[in-house]
Amino acid sequence: AVVDKASSVQESFRIAGVGFLYMPGVGNYDVEEARAKITLARRIGSKTLMVGMTSDQGLPFLDVAFAEGLLSGTYQMLSSESITANVAPHLIPVGFMNFAPVNKGDLYPLFEDMWTMLTVDDVYGAEAVSAYRLNLFEKPLSSAVLPVTEESFASTDTLPLFQSFIFDACYCFVLAANELLNEGVALVNISGEVLLNRVRVINFEGVSGAVAFDVNGDRAAAYDLVNLQPDGVVDIPAVFSAITGEITHIEGKQLYWMSGTTDWTIPDAFASCEPGFRKDSVGANATLMCIACDPGTISDGGTVTSCE
């Protein structure tokens with residue numbers, strides 16, 4: 001979505017990424033590798049950095065980011081849901097932000113009710129096995145790492161975040177097939193491109209929220225903007241919808257920035273350019289974006305619009 005928006009105003013070159021080497025396992029994290037990539041990211045010239053990585057890489061990355069001054073208030077960090085404020089509360093400052101996929105819509109309470117009505121027999125029972133052909137699974141349910149027990153259905157508290165997405169994904173195919181059947185398409189023909197093309201245009205209210213797909217076939221999801229606020233409070237002051245492409249501010253909420261300010265517009269500290277960059281003076285993002293000085297010229301940064 002970010003790349004698409006930048007491309008729509010012919011400024012996709014502003015969206016630059018730096019790839020981090022995946023370094024799993026205790027003692028395998030290469031601090032110098034991380035430091036070098038942070039240096040590359042700084043050369044892009046933006047003081048707002050979006051971080052996306054797996055959760056096991058989050059803490060070691062934050063250690064290096066802290067040492068390199070990225071958490072000192074001179075940069076604004078926006079992370080995916082894999083790095084949250086509780087990963088390293090001793091490192092992460094007030095104003096830290098992360099996006100988290102919205103996985104509970106208005107219908108989620110109905111899903112909770114249904115879930116708590118289920119029993120083990122609904123999964124392992126002879127009727128369920130016959131109806132859903134569970135005996136044809138490549139690996140039998142009995143070999144599951146976490147076997148189904150009655151406690152599994154006591155509540156939805158222990159369900160993973162993606163559970164409601166899986167439910168809606170399955171329901172999406174059911175709705176698509178049902179529509180095709182009602183249009184007279186034979187069941188034997190509901191597969192492949194026929195089914196996929198109908199899935200692409202499906203639009204319904206699921207347990208995870210509104211379900212629709214973009215032109216690329218990706219789920220047009222919604223994301224909470226999670227914000228670390230004073231006294232360790234974690235709040236959600238805004239929500240982004242990929243369907244509308246807009247961020248909605250939640251009434252009565254405040255947005256804290258890592259510069260220490262509260263406002264709904266980007267603070268001057270993060271709109272100021274680094275030395276060697278200048279403010280753009282043309283285009284849709286004039287005076288907002290920083291661009292590198294041409295070779296052979298330099299600037300002191302800040303709000304200058306030209307390099308000498």
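Source: prediction; values computed, not measured.
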### Task
Taking all heavy atoms of Q76 and all of M258, pick out the closest pair and write down the distance.
OE1-N, 2.9 Å

### Task
Classify the side-chain pair D56/Y29 by whether it contains a donor and acceptor separated by less than 3.5 Å.
no

### Query
When hydrophobic residues are tied together by side-chain contacts of less than 4.5 Å, even through go-betweens, does L21 share a cluster with L62?
yes

### Task
Verify side chain to side chain contact (heavy atoms under 4.5 Å, CB included) between F61 and I38, making sure each step is shown before the conclusion.
CA-CA 10 Å; F61 165 76; I38 287 174; 4.1 Å; yes

### Task
Please round to the nearest 0.5 Å and tell me the distance separating atom CD of Q254 and atom CD of Q229.
7.0 Å

### Reference residue L225; test side chain to side chain contact (heavy atoms under 4.5 Å, CB included); the match among L78, I236, V239, T248
L78

#### Entry: Heavy-atom side-chain proximity of L110 to V207 below 4.5 angstrom
no

### Query
If you count the non-hydrogen atoms of other residues, nucleotides and ligands that lie under 6.0 Å from CG in D106, is the total more than 12?
no

### Message
Measuring only between side-chain heavy atoms, which start at C-beta, is D63 closer than 4.5 Å to V31?
### Response
no

### Query
Do you know which two heavy atoms are closest between A238 and H249, and how far apart they sit?
CB-CA, 4.2 Å

### Query
Hey, mind stepping through L70 and R42 against side chain to side chain contact (heavy atoms under 4.5 Å, CB included) and telling me if it holds?
CA-CA 10 Å; L70 295 189; R42 278 179 164 151; 3.9 Å; yes

### Query
Around Y124, counting heavy atoms of other residues, nucleotides and ligands shown, do more than 12 lie under 6.0 Å from its OH?
yes

Please table the atom pairs, donor to acceptor, closer than 3.5 Å between any side-chain atom in residues 79-101 and protein atoms at least two apart or in another chain.
{"unit_1": "S79", "atom_1": "OG", "unit_2": "I83", "atom_2": "O", "d": "3.3"}
{"unit_1": "S80", "atom_1": "OG", "unit_2": "S82", "atom_2": "OG", "d": "2.9"}
{"unit_1": "S82", "atom_1": "OG", "unit_2": "M53", "atom_2": "O", "d": "2.3"}
{"unit_1": "T84", "atom_1": "OG1", "unit_2": "N86", "atom_2": "OD1", "d": "2.4"}

### Task
Decide whether L255 and V234 are clustered together by the hydrophobic rule: side chain heavy atoms of Ile, Leu, Val, Met, Phe, Trp, Tyr closer than 4.5 Å, transitively.
yes

### Task
Quick one: closest heavy-atom pair of S208 and R219, and the distance?
OG-NH2, 3.0 Å

#### Entry: salt bridge (charged side-chain N to carboxylate O under 4.0 Å, His left out) contacts touching residues 170-187 (sequence neighbours left out)
E179-R198, E183-R198

### Query
Would the number of heavy atoms belonging to other residues, nucleotides or ligands and lying under 6.0 Å from CG of L136 be above 12?
yes

### Task
Nearest 0.5 Å please: distance from the OG atom of S299 over to the CD atom of E274.
10.0 Å

### Message
Taking D214's backbone N and O only, do any of them form a donor-acceptor pair with D218's side chain (distance below 3.5 Å, no angle check)?
### Response
no

### Summary
dist F153:CZ -> L159:CG (nearest 0.5 Å) comes out at 9.5 Å

### Task
On the 0 to 90° scale, with breaks at 30° and 60°, tag the F167-F111 ring pair as parallel, tilted or perpendicular.
perpendicular

## Note on the structure
OG (S272) and NZ (K47) are apart, to the nearest 0.5 Å, by 4.0 Å

### Message
Please find the pair of heavy atoms, one from A210 and one from I243, that lie closest to each other, and give the distance.
### Response
CB-CD1, 3.8 Å

### Summary
Heavy-atom closest pair (T262 atom, W257 atom, distance to 0.1 Å) is CA-CD1, 4.5 Å

### CG-NZ distance between D30 and K37, expressed to the nearest 0.5 angstrom
10.0 Å

### pair Q163-N103: side-chain heavy atoms closer than 4.5 Å
no

### Cluster overlap W264 with Y256, hydrophobic side-chain contacts below 4.5 Å
no

### Message
Please tell me whether L161 and V102 are part of a single hydrophobic cluster in this structure, the criterion being side-chain heavy atoms less than 4.5 Å apart.
### Response
no

### Query
Is the number of heavy atoms from other residues, nucleotides or ligands within 6.0 Å of CG (D268) greater than 12?
no

### Task
Report whether F165 and W115 are members of the same hydrophobic cluster (ILVMFWY, side-chain heavy atoms less than 4.5 Å apart, transitive linking).
no

### Task
Please write out which residues are connected to L181 in a hydrophobic cluster, directly or through intermediates, given that two of Ile, Leu, Val, Met, Phe, Trp, Tyr count as joined at side-chain heavy-atom separations below 4.5 angstrom.
Y171, F173, L175, L180, V185, L187, I190, V194, L195, V199, I202, F204, V211, F213

### Message
For the CG atom on D300, are there more than 12 heavy atoms of other groups (residues, nucleotides or ligands in this structure) within a distance under 6.0 Å?
### Response
no

### Summary
All heavy atoms of P147 vs all of V145, minimum pair found to be CD-O, 3.3 Å

## Note on the structure
Rounded to the nearest 0.5 angstrom, the OG-CZ distance for S143 and F137 is 11.0 Å

### Query
When you measure from the side chain of E33 to the backbone N and O of F20, does any donor-acceptor pair fall under 3.5 Å?
no

